[in-house]
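Let me begin by presenting the structure, written as C-alpha cells, before commenting on it.
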Number of protein chains: 2
Amino acid sequence: MPRRHMDLKQLTALVTVAEVGSITKAARLLHLVQPSVTRQIRSLEDELGVSLFRRVASGMTPTPEGALFVERARRVLLELDRARAEIRPDPGGVRGVVTLGCSRAWSRSWPSRWCERWTSITPASSSGW
Amino acid sequence: MPRRHMDLKQLTALVTVAEVGSITKAARLLHLVQPSVTRQIRSLEDELGVSLFRRVASGMTPTPEGALFVERARRVLLELDRARAEIRPDPGGVRGVVTLGCSRAWSRSWPSRWCERWTSITPASSSGW
DNA sequence: TTTAGTTACGTAAGTCGTAATCATA
DNA sequence: TATGATTACGACTTACGTAACTAAA
C-alpha cells in the first residue's frame, strides 16, 4: 500500500481552498486545474483520516478539524517562507527585489527578526509549491 | 530549468543529516540510500541558492546559513507533527477497522461523495514522511 | 442547464536503487 | 586503500491535464 506523504503543495492548496471557498477558484490561483486540486485535498484527507471540508453545492466549507489544520498549515507555510528569505543569498542584489513592511522595531535595526508582521512581495518564486 | 519545489522529505533529510553529520548515517535512519539523500540535500541547495553544508572528509558540516535553516526546518516539522496530532481522529479507539459512515444521501446511490462526514480507517503512521 | 467536485486514464516528470566515479585521509 | 559524497542510468511511482461523470440548484 502506497503511503502518501504530506506535501507542501497540498498544504498550499488546502490554505488556498479554505480562503476562497472553492476548488475552482483555488485552482485558478494556483495555476492548476480542478482535478489536481481535488486530488491534493483528498489525499490530505486520506492521510489524516479526517474530512477537512464539507462539500456543499456552493463550494467548500471547512469542518472544525479542517479550520484548525488550515491555521496550522498557514503558519507553517509562512515560517518556511520567512526561513527562505532569511538565508536568501545576494540580499542587496538587483533581482527579485523584495519589499518588507514591519510594524515595529524597524527604526532600531534593519531588517529585524522581531517584527510583528511582515509583508513580503515575493516574485513568483515563493508563491507556488 | 525545471523549478524544483521544496518538499517535506527534503526538510526531514536536511535535519537528519545535520544531526548525524553524515549522509551515510542519515540514509540509514531514513531507510534510504546515500545517493537519494545526496540528491535531496542538493536540490534544496539548488532551490535556495545557498550551500547548506560544507563537505569535509569526515562528513557534512552545516554552514551558517545551513544551521539557521535547519533550525527553521526542525520547527516546521515539529509544528506539522503537532498539527497532525491535534486533529487525529479516533484518539482512543480501535484502530484498523474500516468504518464508512454517511449521514445523508446514501439511500440514493452508494457510495456517494456528498456525505456530510466520513470516517475511514487510518492505520497509524505519523512518524515518517 | 448550469455550476461545482470527482473519477478515469494516458503522458510527462520526478524519485528511487544499483553501479560506477570522484575526493580525501 | 578505505571512507564518504556524487553522478549516470534504468525502472518504478507519482502528478498533471484532458475528458467524461455525478450531484445539486
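Residue numbering restarts at 1 for every chain, and letters A, B, ... go by the order of the sequence lines. Computed from a prediction, not measured in an experiment: that's the story for all the values here.
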- Message: In whole Å, I'd like the distance from the CG atom of D7(B) to the C1' atom of dA13(C).
- Response: 14 Å
- With sequence neighbours left out, write down each residue that passes side-chain contact (heavy atoms from CB on, under 4.5 Å) with S51(B), or none if nothing qualifies. E45(B), R55(B), T63(B)
- Quickly work out the R42(B) CZ to dA8(D) C1' distance and round it to whole Å. 14 Å
- Closest approach of L48(B) to R84(A) (non-hydrogen atoms, all atoms of both residues): CD2-CG, 3.2 Å
- Note on the structure: Residue set satisfying side chain to side chain donor-acceptor pair (under 3.5 Å) with R28(B), at least two apart, ordered chain then number -> none
- Of the residues in residues 16-28 of chain A, which ones touch DNA chain D at a heavy-atom distance under 4.0 Å? none
- Whole-Å distance, L8(A) CG to dG14(C) P, equals 16 Å
- Message: Tell me every residue that passes side chain to side chain donor-acceptor pair (under 3.5 Å) with R74(B), counting only those two or more places apart in sequence or in another chain.
- Response: E19(B), E71(B)
- With S22(A), which residues qualify under side-chain contact (heavy atoms from CB on, under 4.5 Å), at least two apart? T24(A), K25(A)
- Just how far, in rounded Å, is C1' of dT6(D) from CD of E45(B)? 12 Å
- Message: In whole Å, I'd like the distance from the NE2 atom of H5(A) to the P atom of dA15(D).
- Response: 11 Å
- Across all chains, not counting sequence neighbours, the salt bridge (Lys or Arg N to Asp or Glu O under 4.0 Å) partners of E65(B) are none
Give me the distances for all protein-to-nucleotides 16-23 of chain C N/O pairs that come in under 3.5 Å?
| from | atom 1 | to | atom 2 | distance (Å) |
| --- | --- | --- | --- | --- |
| dC16(C) | OP1 | Q40(B) | NE2 | 3.1 |
| dC16(C) | OP2 | S36(B) | OG | 2.9 |
| dC16(C) | O5' | S36(B) | OG | 3.2 |
| dG17(C) | OP2 | V33(B) | N | 3.4 |
| dG17(C) | N7 | R39(B) | NH2 | 3.2 |
| dG17(C) | O6 | R39(B) | NH1 | 2.8 |

- Applying side chain to side chain donor-acceptor pair (under 3.5 Å) to E79(A) and not counting sequence neighbours gives R75(A), R75(B)
- Between residues 49-58 of chain B and DNA chain C, which residues have a heavy-atom gap below 4.0 Å? A57(B)
- Item | L29(A): side-chain contact (heavy atoms from CB on, under 4.5 Å) partners, not counting sequence neighbours | T16(A), V20(A)
- Message: Could you check whether any side-chain N or O of Q34(B) sits under 3.5 Å from a backbone N or O of A27(B), counting only pairs where one atom can act as donor and the other as acceptor?
- Response: no
- Note on the structure: Sequence neighbours excluded, the answer for side-chain contact (heavy atoms from CB on, under 4.5 Å) partners of L78(A) is none
- Item | Partners meeting side chain to side chain donor-acceptor pair (under 3.5 Å) with R39(B) (sequence neighbours left out) | none
- Query: Between dA5(D) atom C1' and L14(B) atom CG, what is the distance in whole Å?
  - Reply: 16 Å
